[in-house]
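First the proteins, then the strands, lettered A, B, ... as listed; each starts at 1. It should be emphasised that the depicted structure is a prediction, and the values quoted were computed from it without experimental measurement. What's counted below: heavy atoms across the whole structure, side chains too, no hydrogens, waters or symmetry copies.
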Amino acid sequence: MTEPSGSAGVKRRDFLKVLGAAGAVTTSVGCFQEDVEKLIPYLVSPDDTVPGVSTYFATTCRECAAGCGLIAETRDGRAIKLEGNPAHPVNHGALCARGQASLQGLYNPDRYRHPMARRNGKLERITWDEGIRTLRERIAGLGAGAANAVFVNQHESGSFPAFLDQWLAGYGMPAHLSYDGEAPHAVMQANRQTYGAAWPALDFTAAKLIVAVGADFLEMWGASVPQQLSFADARAKLADAPRFVYIGPRRSLTGLNADEWLACKPGSELAIVNALAGKGDVAAAATAGGVDQAALQRLAGELAATKPSLVLSGVTTANALDVALAVNALNVAAGNVGVTIKPAEALTGFDRVGSPNDLRDAVQRMASGAVPIAMFRGVNPVYVLPKSLRVAEALAKVPFKVSFSPFPDETSELCDLILPDDHFLESWGDAESVRGTISLQQPAMDRVFDTRATADVLIGVTKGDPATANRIPVADYRSWLIGRFPGGAQAFGAALARGTAPGSPAQNATASRTVAAAPAPAPAPLEGQQGDFYFVAYPSPVLGDGRATNKPWLQELPDPVTKIAWQSWIEIHPTTAARLGIENGDHITVTTAAGSVNAPAYIFMGVRQDVVAMATGRGHTGYGRYAQNVGVNPLDALPVAHDASGGLALATVKARLTKTADHSPIISTEGSARQHARGIGRAVTVAELNGPEEEEVEHFAGDNKHDFLPGLRSPVANDAQGVLGNPKSKDKGMYDPEHWSGMAKRRWAMAIDLARCTGCSACVTACYAENNIPTVGAPWQGRSLRPFHSGDGNGWDTRPGANILKGREMQWIRIERYYEGGEDGSSDFDTRFVPMMCQHCGNAPCEPVCPVYATYHSPDGLNVQVYNRCVGTRYCSNGCPYKVRYFNWHGYGEPARRQYAFPEPLNWQLNPDVTVRGKGVMEKCSFCVQRIREAEHRAKLEGRELVADEFTTSCAQACPSRAITFGDAADEKWSVARLAEDRRAYHVFEELNTFTAVVYLKKVNHPAGGER
Amino acid sequence: MGIVAAFRELDATVDAIEDLKRQKISDVTVYTPTPRHEIEEAVSPPTSPVRRFTLIGGFCGACFGYWIAVWTSDYWPLVVGGKAIATWIPFTIIGFELMVLIGALATVAGMFINSRIPKITMTVGFDPRFTHGHYGIWVQEAPERARIVEETLRRHGAEDVRHED
Amino acid sequence: MTSRRKWALVPGFVALAGAVALLSAYSGASSSQNFTPEQPINFPHPTHVQQLGMNCLYCHYSANKSPDPGLPAVGTCLGCHNPIEVGPNRPKIDSIPARQSVEIKKLLDNYADPSGKPKKAIPWVRIHKLPEYVHFPHMRHVNAGVACQSCHGQVQRMQRVYQFSSLNMGWCVNCHVNGYKPADAVRNTEGYPTAADEALPPKKARYDCSACHY
Amino acid sequence: MATVARPRGATDLSPRPNVASANQQLPGVADYEQVDRDIGGSLTPTAGWFGALAVAIALFLWGAGTWTYQIYWGLGNAGYNPPVMWGVYIISFVFWVGIGHAGTLISAILYLFRAGFRTTIYRCAEAMTVFAVMTAGLFPIIHIGRPWKFFWLIPYPNWRLIWPNFKSPLVWDVFAISTYLTVSATFLYVGLVPDIAVLRDRATNPVRKRILAVMSLGWRNSEKEWRHFARMYLFLAAFSTPLVLSVHSVVSFDFAMAINPGWHTTIFPPYFVAGAIFSGIGMVFTIIIPIRKFFRLQHYVTINHLDAAAKLCLFTSLVVGCAYLVEFWVAWYSANQFEQKYFWNRVFGEWWWAAWIMLTCNMVFPLSLFSQRLRRNPGWLFILSIFINLGMWFERFVIIVPTLSHEFEPWQWAHYAPSWVDISILIGSFGWFFMWFLLFIKQLPVIAIAEVKEIVPPRLRSPHPHEDAIDVTGRHQAYEPDTPGEFD
């Protein structure tokens, strides 16, 4: 804030300097605040913002290379919520968990707060002028050595790479290395060869059969959000939906969404693909892959018979490129190109990305001492490259290292000069997510700390020296952008409102990498290595390659597959575990030729018996309080092995398993993974769906008198609270539909389509962001373990996730993941993902038991929780059959307590419309009542009624598969009213007569050989 | 003036009481370390009116219980669990408990009021022995008849007789 | 007969206890009513509102479109109290001559630089404060025709602003349930309601908990 | 004890068992004066008593300190493991309320039943009741998240214009418990008044005499006082009887009104009341047996009395055991898989050991009372009573924890383990209880003097031919004596 912003455009993002004026979000449940509070007005009242009313800025997400469009909601100068930009061609309004959580990157308490330089071994604060001068002098002093300089930038599309290369070229430095550890390099190279585009758009809706060979397209494989949107739309076609077969050693989240899983050995994919393509011997492939020959045969036939299909490759073995090429050939042969695979509308986020092999090459040049200066921006080689590469030692050989990283990660801690970059919500930029569309990135707010955009720093470097002063003839990067923007300032200003504009960002034609990477060392062949297990590392669906690990929302978000948070684990098959006498949580050591890792075992049906799998992302030794010393990093056990495309081979090594003595309980939100025939997550097969409706009679476990009936059957639903269960009760007050307030005319309800839900858990994080839900897993948030202890954590339970171990996570909406079948450990099991939140029952068991009316049924059908009335008897939670009520066991919202969940400045993100709950009160999903009331206010001010589907809840807004629909079920104009009558609709535990307001639509399964 | 007599034996006390009665001496207070039916028979007092206190107290309590529950529920109607706003059956518990509470307190109050306790003075017409092992009789009588009374008490074997003015 | 008199005490004590209980319950013990803090600048509302006839919304500019009424920016003050033109003087108002004013001097000395640009924000002491778990949308009330004075009192007459209403929940709810008479709005703004105004029905509001608490 | 002259025959006299006769009931007691001497004499403090009191107070202070700690840092420091949102505190609440049921039962119900054996033990039991309910009343407050807002459960006029929810079992609790506490405390006090008068007139220390004079409200044993007193006592008993039954029924509603498997059953009220009385009698044994020994009161609380009480204990144990079995039958017969799963889990699941502790302590061990020898063996009764207390605590554990940890939603099945905070506060509650009780037994007569005098033969001028005939004037043959042990 001290930094006066260069452009008038940013002025309006000034903070109200004190929270008081903004309806301060402080914990206050229960008491008047008598202490005098200061009200600080603006200095100059901003032109277009109104205090207490949100302002929205369209910008672009830079968490991953996909470059989704964002709408940043700011209140009184603070960004408080990110939502997808509905007008954006990539994500069409949806947003994944990582996108939501980028706010916690912006407000991360561990961010560098100012530039720093290493003086006699210690990093000390310096001014920006000093920093820029130091950098300039260093570069000037390079001389010929400049040709060996290394600049590693986190891969991003848009103008910045070109700008950077131009800048580097100006100093005779080679073009920068654009690194993205999450990008599937083999696939992209194959795509370039086959389709001429790194990432063609994938149209799942057009396909009739989807075969994914290790391609986790709902997770880290490419751009998950658009792929998920398309996949969900395809599956929502129900009977005509494509059947989905997953082939791979581990059943990832994507795999769990598949109708069939062919669990093949790592390295055998090529044979299998050839077999499917009819080019190879099925029997041989089946034996090589260890899969059922009949199944493979059937699939080959199905693939040949079904057109169009969609075959995707995402294997991470050493021969990944060959597999990808084979798959592409298969697609070409099947005529899928242009139908399900559309090179014409390619996603350009991955264009010009460098590979891990290039980075390895750079590191080895550093190790050889040839590199005089290394600069890192957003890339953390010390962490993201295998330990066996000894990156830290290589860096030590570099005389001068500069980090532009905004966070104190493992690499920047070794650097000599820290010039912290702005967060993307504080700075200008652009991206090209789809060919022919520029999506703009603008500051949503003023800077949180004394940071500066790297581009502006680089400009500052040139400006400082008269020789180079007019090399970049603009004041700052923004003007540089505008200068190159098609249409100039006029168009630029206009485009900012939409966030996108036609055209392509500036490309630097000339600059290309002058230093060619040495070819990757050939990895040892997988077979013939010693060890009885294949060791498969995979990028975590939530934490990616580890760049997201410092955000508490994501640490707390249970892994969609294993439901584990704040912990690393090693997946092992039940049969194997039984054989080796391993229980959940027993520590096992995985030893490979390259090294070893030790972590608790998690018994998981979704891996082959001869496979152990591990997720990347945890095991940081730095990177701030939330990431440090949480879990372990599987890369520690990986050799430096690359596929032919230069991608890091994650499934290329065999391992030995040793059980160790120690045991640490699995920190999981999972109680029982089986639903014990209680009809929580239900499914129908296509056959049943095509069958006549009257057959559709379900009997409930525990009660065989109730038949299944769709719709909201609450006495307080269809007639909108008219009856109160007692027609004779005299004074209905506001519950009377005729009441002037008209509240009782509405019945807020939600429909959740399990055929769409992929279990990605974006809704969970969206809920955290909207409702000020505290994260409780940080090491300092644990409970007391013994009577006497000091404040420094001694005597407290300081294990990460200790509270979650006690079942105290606060997820208002959680994704339950139930397995059907596979008890025998076979690979043939079905997974049901059930988003579970407060069901807002018409006859809520939680309400009558509350002694103080802290929870009751509002006339418009909400099960309201009044925090400030709650005394915390927790009786309501006992009554709730769905167990969706969460209690504030500690002062998570009280800054004075060590369990405080929002250390400055994380608390700047808190939503002013939602009370921060204090210790000792119950909380739960409110159907985003603040959004309901806000919409009602808006409608009232505009003198109109609410329009159907005018607004929605945070979870529904974020959902990348559009599985959640919210609205007024009493008014058939809202789409939820229609969905509630769907033939797939059911209520969970309907036999308890709770008359819930949440309707689930059954999942649709496409079993093998099911008629289409 | 008053005469206080202390007896060691129960039957003696009973005889004395009945003798005094026969002599139409009305203002007699009898002390006994523990309730004895013989003495109650001898004195043959009217039934205690405490029961009325109980009845009225209990009735008021029950009414108040129901009233507060119903009135507050209707005062700010909030629906919980789809139940009616004023639900009689659970409110019966409130009515019952308050009936017992107020009824019991009224009963105790009745006892206090009727037996005139708390007593402020302990000096007149009382002897600590009465709470120990002795029975006692306290007669308030005009001085001229006092002698007869004393003589009667002594005849029935009063251990000692004390005069009070 | 001393005992008789003492008997009378017992119901006396009971009555006393009851009275105390009721008083404490109704006193709204935690209300900060009549809170009259010393402000950094003793801003004379009467001068601005009564003499100059300024509208509340001129300074509290977002009261009719936001939950937050808004505070005048320092720039707004300096718009009239321009150090270049009038300096530490009170600007000349029709008849009243310009003269020195201590408070304006404070403003110029502490919160503006000589050029008349805002230097530093004025740390006003907050008077009307609802707990954070109560959501009070100003715009709904203002647009419903509730006069500012109904809740904030006759600020235009206050030399020093104080908390006029108790801001207790009961105080809110009474108005929501019984309704707000348009005629009162006229009266509160020092007008005289016509028979037509009196005839208008009171405006009621939701008294559902989730209308304010969430 | 040195100060107490060991009275004649202060040993465990064992007269012929089960003989109903007035003068046989307390063979060791000659006359009214001896009653005052023996019982009054037992009030002198002793070193042992001071020691015990010190321990009790220490425990209480430890518990209180832990509670303040918990209030500051939050309930998270207790062992709660959602969805197990109720734990040790509610278990202990129900446990203590249960203890609190014996007193009023003995003093009121047995009074109406004219059960003679109550006379010498009821004062002790009543005091126990009051202090147990005082203890129980603390636990809901300790349990809730914002104890400082506890008064919101009480309907009082307030400027928020809001009231408690009278449909909530917790509000019923507030009414039931507070009523029960008030009534039983009143019951205890008015019963004490004549005895305090006795102490007052025996007291030598002027200060003590003054205090007792105030407490005795100027009671002077006049026949009129006794008449109203008797009537009041009758009505209080008549009120307390349904109250006792209602209170634990209401407590059981806390569970029966919820829909959770294992809770939602109509058997709970009778089952809980029986359990409460059972546990209460157990606690009476735990308390009265040491007292009669250390206070040398064996000739007041005789073997006959213990025998009779033991029979009551056996009976309630049988009722409770029956209830346990019926629960399982209902679960099986309901064909409701939630119920069945739960009850299977109760005995064979994670908490099997708790369930079996409950079953053995409450169902099996008490069966020993069928043997008259054990019934008349104070040592055994004491040991058994300890088992009963343990078993009844675990009964509440078994009702609460397994249900919450294992109900409808499999995804939310969880475990539970108390933390040091729970345990400290539980221990502290025992300290609190015994602190009050110890203070009581050395300040006020632990055996009802006046009522004991009723069953001591009066002094007669002309000894009557039939020693045991009550009616010495021989004029009221119609009168039926309430002879003790007549229900034995």
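Residue C:Asp208 touches chain A through both its backbone and its side chain, counting heavy-atom pairs closer than 4.5 Å. Residue C:Ala144: no heavy atom, backbone or side chain, is found under 4.5 Å from chain A. For chain A, no part of C:Lys117 is nearby; none of its heavy atoms comes within less than 4.5 Å. When heavy atoms are compared at a cutoff of 4.5 Å, A:Tyr856 approaches chain C solely by way of its side chain, counted from C-beta outward. Heavy-atom distances place the side chain of A:Val864, and not its backbone, under 4.5 Å from chain C.
Each of C:Pro69, C:Pro137, C:Ala211, C:Pro40 has some count of heavy-atom pairs under 4.5 Å with chain A, and the biggest count is that of C:Pro137. Between chain A and the options C:Gly70, C:Ala205, C:Pro67, heavy-atom pairs under 4.5 Å are most frequent for C:Ala205. Here C:Arg140 is the residue among C:His138, C:His213, C:Arg140 with the most heavy-atom pairs under 4.5 Å with chain A.
Using a 4.5 Å heavy-atom threshold, the side chains of C:Arg187 and C:Lys181 count as separate.
Paired with A:Glu923 under the rule side chain to side chain donor-acceptor pair (under 3.5 Å), one option of A:Trp812, A:Tyr886, A:Tyr867 passes, and it is A:Trp812. A side-chain contact (heavy atoms from CB on, under 4.5 Å) with C:Arg206 is found for one member of A:Ser858, A:Pro859, A:Ser741 and no other, namely A:Ser741.
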For side-chain hydrogen bond (donor to acceptor under 3.5 Å, both in side chains), just list the numbers for A:Gln930 and A:Asn771, CA-CA rounded to whole Å, side-chain angles, deciding distance to a tenth of an Å, and then say yes or no.
CA-CA 9 Å; A:Gln930 68 277 9; A:Asn771 290 303; 3.1 Å; yes
Going through the checks in order, is the ring pair (Phe, Tyr, Trp, His ring centres under 6.0 Å) test met by A:Trp748 and A:Phe951?
CA-CA 12 Å; A:Trp748 299 111; A:Phe951 70 101; 5.6 Å; yes
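When atom types are taken as modelled, the side chain of C:Gln39 and the backbone of C:Val125 share a donor-acceptor pair closer than 3.5 angstrom.
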